[in-house]
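See structure below.
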Amino acid sequence: MSTTMIPLIIGLVLGVVIVVGYVVVLVGMRQEDRRMQLGAAPPSRAAGLARRVTGCHVRG
């Protein structure tokens, strides 16, 4: 394996991580959209993550 392959592999891994995170947030947003209740506890971890990422989480 040459040294030019290492940045490519790192870039691919980071790209996959970003895409997976984006999909998880999208799934959480779709779950929240059905319930229309941001004051209650999130229905799943994906919905909780979507609330954190978008800044719509409840404190306290």
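Side-chain atoms are counted along with the backbone in the values below, which use heavy atoms only and exclude waters and symmetry mates. Bear in mind the structure is a predicted one, so any value in this text is a computation, not a measurement. Heads up: numbering here begins at 1 and tracks the sequence.
- The residue from Val23, Val16, Val17 that alone fulfils the side-chain contact (heavy atoms from CB on, under 4.5 Å) condition with Val20 is Val16.
- Judged as a side chain to side chain donor-acceptor pair (under 3.5 Å), not a single pair has a partner in residues 18-28 (not counting sequence neighbours).
- With sequence neighbours left out, the side chain to side chain contact (heavy atoms under 4.5 Å, CB included) criterion links Ile10 to Ile6, Leu14.
- Legend: side chain to side chain donor-acceptor pair (under 3.5 Å) pairs involving residues 38-50, not counting sequence neighbours, sorted by first then second residue: Gln31-Ser44.
- The shortest non-hydrogen separation linking Gly28 to Ala50 is C-CB, 3.9 Å.
- Counting all heavy atoms, side chain and backbone alike, Pro42 lies closest to Gly48 at CB-N, 3.7 Å.
- Residues passing the side chain to side chain contact (heavy atoms under 4.5 Å, CB included) test with Ile18, sequence neighbours excluded: none.
- Test Val25, Thr54, Val27 against Leu49 for side-chain contact (heavy atoms from CB on, under 4.5 Å) and you get one pass: Val25.
- Here the CG-OG1 distance, from Leu8 to Thr3, works out to 12.0 Å after rounding to the nearest 0.5 Å.
- Cluster membership for Val53 and Val24, using ILVMFWY side-chain heavy atoms within less than 4.5 angstrom, is shared.
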